[in-house]
K.L.:
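One structure, as structure tokens, below. Some questions next.
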Amino acid sequence: MRRMNVTRRWGWVCVLAATLVACKDDKPSEVPDAGPVETGPAALTEQEPNERPEQALDITRDSTVTAELTAQPNKADEDWYRLAPSAPRVVDVTVSGLPGGDITLEVHDRDRNRLAAINSEGDGKPERFPNLYVEKERWVRVAPARKGVGGAYTLTVKMRAPNDGEEHEPNDRAVDAISLPLGQTVTAFLGHAGDEDWYRVELPEAAVPTPPPGEGIPAPNDTQGAAPAPQGAEALQGAVAQGAAAAQGETPSPAPGSESGAATGTPEEGAAPLDTPPAPTGTFAGGEPPAAPQPQGAAVAQATDAGAAVPPEPPSVALKIELSAVDGVRPEISVLSAAEAPLFSLRGKEGEALSLRNIGVRATDRVVYVVVKGGWTGTGKEARRTFNSGTPYTLTVTQEEAGANAELEPNDELYKATPLTAGSYREGFISPKGDVDHFVLRTAEPVLAKVELSGVERLDLVLSMVEPPQGDGQQETVLLRANDGALKEPERLNNVACSGSCWFRVEGASRKVEGKWVKDFENAEQPYRISITTVPDNGGEEREPNNNLERAQELTPGKAVRGTVFPVKDTDFYRLDLSDRPVRTPLKATLLGILKVDVGLYLHRVQPDGKLTLVQTADRAKGDQPESIRFSAEPGVYIFEVRDAKNREANFQDSYQLTVEEGEQ
């Protein structure tokens, strides 16, 4: 009986044990203790001594430190703090001002090398470093700006995880520059007066552009790097080839930039078919009758007269830089080469964004630096660099779509002019407000150029031909100026004589706003296009500028000269020298008119003092009817003046023709 009872007890024990095990398996697993929950910034108190980095108070998370600087007459007290977050953090550090004193905030590395110094505000005002990047540890030094100053202050530290696409401070040197890929946007602060933000932009190999037509490509008669050949030999071959194509009934391709497919350029741009009537040589106008067909030898001779090609300009890359506006900040932006040589710089207006187009850098550069900082404001003791520690800016750098045809900034001065190539074009922007762009055409032989500037929304553009200063202390001279159009309308210059180098300027016109004349046109979204075509200068066309006595074009009796009355109020002077004649010379001058313009012909005699005396006129204002003057001229120098009789119309397309003949007619 006892044995049976023992057996029953052990049975119940086993059942109870099994039940307990099953109940234990059903219980949820316990969560490990995560430690104290951070409900706010840690409240810390400065602990003296802390005048050295090794005595610094550790700060590992958001904290508010109550501290005091002791006023000492012979030295400035200093307090050190060690920022040591457990993971990379962006740290916002603020130190309150000292009553009646100026406080400074510095950042050092572990070896006590100063990385940044902030002292942007005055007495009693706080200092702030809004975006210090701390990967492992950094030291912060707080001290008065002058000896003998002290008092209580509060150090506030806020930490957050870094975001993609934001700067890592400090980045005020090339070695610390933030990598900024083309097309990406970075968010950053100009957080204190001495802040400079450096960005490293890498240009891909694919960014090297293909040169525009005629640029960087050997011209047909360019013998550089080849065995010597007669000048223009390959141009001659091209002319013969086109003549063969014409003989077979094929239509040669029109020259780039020519009107109605007519070959109006030099042989580098395209020659006229040999067996068909060519376009009028040396003219851009469409109102003259076609010239007589030339024999093949004459066309070949014309092809060989093009002259040597001008050496190509080195290729460049154009960048677009967009910088957002920040209240109170006058932005300064620079582009530097890998050697930190300045390529471009601009100072904006306070509180305004910058959209910079066609910033030119060399295609051979693989790396450039973009530097952003706050510009100066105020004068004298009130002068200071602008900053804003509370509002970030954004910066984006992209490559321009125009490629090799882009205008290249900076080109606001003549010696920085963007090169133009005959038969080609450039695209540019008037941005920011008041932007001025210069271009240069270089030629190996005398040519006549037609320059066309397209219209742009919101812009009233001005196109000018400019002569560089002719000596030390001299100013540049505007030789021609076209501003016939208004908003959106194009501008042109006709028959511009160029032998060597010619400079052109594109800018916005002046306009009156609230009683003041200003140049504030701007459009950073839509480009203008400046294009240029040339023809050889064979003496049969006017040579602009010829609008005064000093620039009057020489006339040859019996040889006709053609020209245009353009732009409005254009005046063309022609000089006839009869000073070596022993007796009077009978003259007959005939001026063939044009549509729209009532051309007038005026004959002046040049007096010994250089002044002009009007001796005869022909300005009946009969539309396109001819005007003529008959005159018996005493020995001397005479000027024929051609212009619109009413000085109010112009015609860029049609040409007048002036012929002066000697003898009784």
Side-chain angles (χ1 to χ4, degrees), residues 259-260 262 264 277 279-292 448 450 480 482 484-485 492-495 535 538-549 551-576 578 585-605 612-633 638-665:
E259 297 180 3
S260 303
T264 58
T281 304
T283 183
F284 295 110
E288 306 85 10
L448 297 176
K450 177 173 70 175
L480 293 171
D484 285 359
R492 300 174 178 85
L493 292 176
N494 278 351
N495 289 82
V535 295
N538 59 12
E541 306 293 324
E542 68 163 326
R543 300 185 182 101
E544 291 280 9
N546 60 347
N547 52 2
N548 56 40
L549 177 61
R551 297 184 179 277
Q553 183 173 337
E554 294 291 339
L555 272 179
T556 301
K559 184 177 181 179
V561 62
R562 292 187 292 268
T564 57
V565 179
F566 187 84
V568 172
K569 297 184 179 181
D570 180 31
T571 300
D572 298 335
F573 282 76
Y574 298 92
R575 184 176 185 270
L576 181 63
L578 301 177
T585 304
L587 299 176
K588 179 184 178 183
T590 304
L591 178 66
L592 301 183
I594 55 177
L595 297 174
K596 186 181 178 183
V597 179
D598 295 325
V599 292
L601 180 60
Y602 306 86
L603 176 61
H604 307 266
R605 183 172 183 180
L612 298 180
T613 299
L614 181 65
V615 295
Q616 196 166 337
T617 65
D619 56 354
R620 297 172 299 163
K622 296 295 184 180
D624 58 350
Q625 296 299 309
E627 303 284 353
S628 64
I629 287 178
R630 294 178 183 270
F631 183 71
S632 179
Y638 293 84
I639 296 293
F640 287 91
E641 176 188 0
V642 179
R643 61 175 172 85
D644 173 31
K646 300 176 182 177
N647 269 333
R648 64 186 185 189
E649 296 291 350
N651 185 334
F652 68 86
Q653 186 176 24
D654 300 318
S655 293
Y656 63 79
Q657 179 173 293
L658 174 64
T659 307
V660 178
E661 299 171 289
E662 294 185 19
E664 297 294 339
Q665 302 296 327

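Only this structure's heavy atoms are used, side chains among them; waters, hydrogens and symmetry mates stay out. The first residue of the sequence shown is numbered 1, and numbering continues consecutively from there.
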K.L.:
Work out which heavy atom in Leu612 is nearest to a heavy atom in Leu549; give both atom names and the distance.
P.N.:
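Answer, listing the atom of Leu612 first, then Leu549: CD2-CD1, 4.1 Å.
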K.L.:
Would you call Thr571 and Glu641 a side-chain contact if the rule is heavy atoms closer than 4.5 Å?
P.N.:
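In short, these two side chains touch, coming nearer than 4.5 Å.
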K.L.:
When the aromatic ring centroids of Tyr574 and Phe640 are compared, is their separation below 6.0 Å?
P.N.:
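No, too far apart.
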K.L.:
Heavy atoms only: give me the nearest Arg551-Pro545 pair and the separation to one decimal.
P.N.:
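Arg551 and Pro545 have their closest heavy atoms at CB-O, 3.5 Å.
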K.L.:
For Arg630, does its backbone N or O pair with a side-chain atom of Gln616 as donor and acceptor, under 3.5 Å?
P.N.:
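The answer is yes, because a donor-acceptor pair under 3.5 Å joins these two groups.
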K.L.:
Under 3.5 Å, is there a donor-acceptor pair between the side chain of Asp619 and the main chain of Tyr602?
P.N.:
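Side chain of Asp619 to backbone of Tyr602: no pair is present.
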K.L.:
Distance check, rounded to the nearest 0.5 Å: Ser632 atom OG versus Leu587 atom CG?
P.N.:
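Answer for the OG-CG pair, Ser632 versus Leu587, is 8.0 Å.
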K.L.:
Considering non-hydrogen atoms only, spot the tightest contact between Leu592 and Pro626 and give its length.
P.N.:
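Leu592 and Pro626 have their closest heavy atoms at CD2-CB, 4.1 Å.
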K.L.:
Hey, could you give me the CG/CZ distance between Asp598 and Arg620, rounded to the nearest 0.5 Å?
P.N.:
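If we round to the nearest 0.5 Å, Asp598:CG and Arg620:CZ are 11.0 Å apart.
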K.L.:
On a heavy-atom basis, which atom in Glu662 and which in Pro557 lie closest, and how many Å separate them?
P.N.:
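Minimum heavy-atom contact is OE2-CG, 3.3 Å.
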K.L.:
Over all heavy atoms of both residues, which pair between Leu576 and Val660 is shortest? Give the atoms and the distance, please.
P.N.:
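In terms of heavy atoms, the two residues are closest at CD2-CG1, 4.0 Å.
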K.L.:
Rounded to the nearest 0.5 Å, what separates atom CG in Leu601 from atom OG1 in Thr590?
P.N.:
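So the gap between those two atoms works out to 8.5 Å.
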K.L.:
What distance do Leu614 atom CG and Leu603 atom CG have between them, rounded to the nearest 0.5 Å?
P.N.:
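Between Leu614 CG and Leu603 CG, I get 7.5 Å after rounding to 0.5 Å.
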K.L.:
May I ask you to test the Leu448-Arg543 pair for a side-chain heavy-atom distance under 4.5 Å?
P.N.:
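Yes, close enough: below the 4.5 Å cut-off.
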K.L.:
I need the minimum non-hydrogen distance between Ala650 and Asp484, along with the two atoms involved.
P.N.:
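For Ala650 versus Asp484, the nearest heavy atoms are CB-OD2, 4.2 Å.
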K.L.:
When rounded to the nearest 0.5 angstrom, what distance separates CD in Glu541 from CD in Gln553?
P.N.:
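Glu541 CD to Gln553 CD: 9.0 Å, rounded to 0.5 Å.
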K.L.:
Ignoring hydrogens and geometry, is there a side-chain-to-backbone donor-acceptor pair from Glu544 to Asn494 under 3.5 Å?
P.N.:
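Not confirmed, Glu544 side chain does not pair with Asn494 backbone.
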K.L.:
Does some side-chain heavy atom of Asp572 sit less than 4.5 Å from a side-chain heavy atom of Tyr656?
P.N.:
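A side-chain contact under 4.5 Å exists here.
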K.L.:
Please report the interatomic distance CD1(Ile639) to OG1(Thr613), rounded to the nearest 0.5 Å.
P.N.:
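OG1 of Thr613 is found 12.0 Å from CD1 of Ile639.
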